[in-house]
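Heads up: the structure comes next, in structure tokens.
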Number of protein chains: 2
Amino acid sequence: MAIIFSKKCEYGIQGVLYLALKGIGTVTPVEEIAEHLQIPREFISKILQELTSKKIIGSKKGKNGGFFLAKSPAKIKLYDIVIAIDGDAIFGQCVLGFPNCSGDYPCPVHDNWSKLIKETYAMLNAQTLDQFKDKVSLKIQNLGAKKKNVKVRPAN
Amino acid sequence: MAIIFSKKCEYGIQGVLYLALKGIGTVTPVEEIAEHLQIPREFISKILQELTSKKIIGSKKGKNGGFFLAKSPAKIKLYDIVIAIDGDAIFGQCVLGFPNCSGDYPCPVHDNWSKLIKETYAMLNAQTLDQFKDKVSLKIQNLGAKKKNVKVRPAN
DNA sequence: TTTTAATCAGACAATATTATCTGATTATAA
DNA sequence: TTATAATCAGATAATATTGTCTGATTAAAA
Ligand code: SF4
Ligand code: SF4
């Protein structure tokens with residue numbers, strides 16, 4: 001189970017990150033992306049189409065076609081991708097699921113949580129793709145066949 | 001869509017919180033809980049059964065039966081409920097969905113995210129039910145009929 | 001101009017999550 | 001002891017998410 005972003009969103013981020021590694025303007029067929037990231041081809045295809053229609057990436061049809069980064073990695077924020085796919089729901093809901101709570105008399109979770117959400121928001125807004133390229137390239141290079149075996153935790 | 005906890009988990013927290021308001025040992029039929037929290041009766045019933053089997057609450061069968069808080073609200077942490085229902089997956093996965101990343105060469109998200117997750121973990125561990133009772137009681141009192149109408153955000 | 005290789009659109013299928021139904025069991029109270 | 005009101009167990013149904021298929025369209029290259 002995905003944690004805070006939907007699987008679509010995770011895949012979307014991975015896909016765009018992959019395009020960023022190839023450099024701006026380099027056209028890459030979805031086949032290659034799917035293969036390398038081990039994501040179902042038709043699924044990542046749909047996702048990239050969605051991101052194309054939202055102008056985050058671009059696409060080229062026909063032979064030698066594919067997807068490409070439409071603008072500089074420095075201008076694409078994680079936030080853009082998340083909003084494009086998952087919307088902004090995570091930023092405005094009660095984490096305990098109370099649908100009609102105003103937060104006027106905040107419960108103990110409220111302040112903590114809204115702080116966390118604000119920090120997440122800030123992080124997504126601050127992180128642009130260019131800041132990832134070097135660090136993530138290793139991970140992406142190594143994906144290939146082993147994707148489904150190992151699972152390691154991000155926390156520390 | 002629920003944000004970080006599953007709907008089951010949100011409902012579980014709400015249900016146990018409701019029991020906490022009724023006071024330790026007070027037996028409450030699931031009908032009343034479902035009615036008040038506007039949660040499908042059979043669904044919250046299943047969830048409370050699960051929490052019963054995990055010893056977080058207790059149940060009494062037969063006429064005048066129902067569910068009740070098995071121990072002092074001061075001894076029940078949000079963490080217990082979350083783990084019982086959703087497990088600990090959220091604390092050990094890459095938020096970007098890379099399944100084989102070790103975090104040895106952390107990407108820019110990694111440090112930020114693991115910090116957030118640690119804070120969430122700490123919060124869930126620190127917050128016990130007794131700390132909620134007063135603040136949440138108002139909200140729960142007011143639920144009744146209006147549950148499905150208003151939606152207000154927690155983030156400030 | 002025809003073949004080829006790609007996106008794209010829309011329907012369809014599988015799976016996971018959420019919700020409901022049926023009936024058995026249990027314990028209280030009349 | 002019988003009627004009643006509850007949990008509980010397991011099957012089933014509805015919905016949302018994830019994943020697949022088919023074929024149309026597009027553009028490059030043979
Ligand atoms: S005060 Fe508590 S219950 Fe209300 S919106 Fe904030 S987190 Fe949710
Ligand atoms: S370093 Fe980045 S990609 Fe790797 S586990 Fe951490 S957050 Fe995920």
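On a predicted model such as this, the values are computed, not experimentally measured, just so you know.
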Looking only at the side chain of [X] (C-beta and beyond, no hydrogens), which of the listed nucleotides [options] gets closest?
| X | options | result |
| --- | --- | --- |
| B:T52 | D:dC8, C:dA19, C:dC8 | D:dC8 |
| B:K63 | C:dT20, D:dC8, D:dT4 | D:dT4 |
| A:P40 | D:dG19, C:dT20, D:dA29 | D:dG19 |
| B:Q49 | D:dA9, C:dT7, D:dG19 | D:dA9 |

Contact state string [nucleotides 11-16 of chain D, B base, S sugar-phosphate only, - no protein heavy atom under 4.0 Å]:
B-----
Side-chain donor/acceptor of B:Q14 to backbone N/O of A:G97, under 3.5 Å:
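Yes, because the side chain of B:Q14 sits within donor-acceptor range (under 3.5 Å) of the backbone of A:G97.
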Can a salt bridge be assigned to the pair B:R41 and B:E35 using a cut-off of 4.0 Å between side-chain N and carboxylate O?
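Result for this pair is no, no salt bridge flagged.
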Between A:K118 and A:F91, is there a side-chain heavy-atom distance shorter than 4.5 Å?
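Heavy-atom side-chain distance check fails, nothing below 4.5 Å.
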Side-chain heavy-atom pair B:E119, A:K115 within 4.5 angstrom cut-off:
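Touching, per the 4.5 Å side-chain cut-off.
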Check the distance between C:dT7's P and A:E31's CD and give it to me in whole angstrom.
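For the pair A:E31 CD and C:dT7 P, the rounded distance is 9 Å.
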Just checking B:G62: base, sugar-phosphate only, or nothing, at a heavy-atom cut-off of under 4.0 Å?
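The residue B:G62 makes base contact.
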Looking at DNA chain C, which of residues 23-30 of chain A put a heavy atom within less than 4.0 Å of it?
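The answer is A:P29, A:V30.
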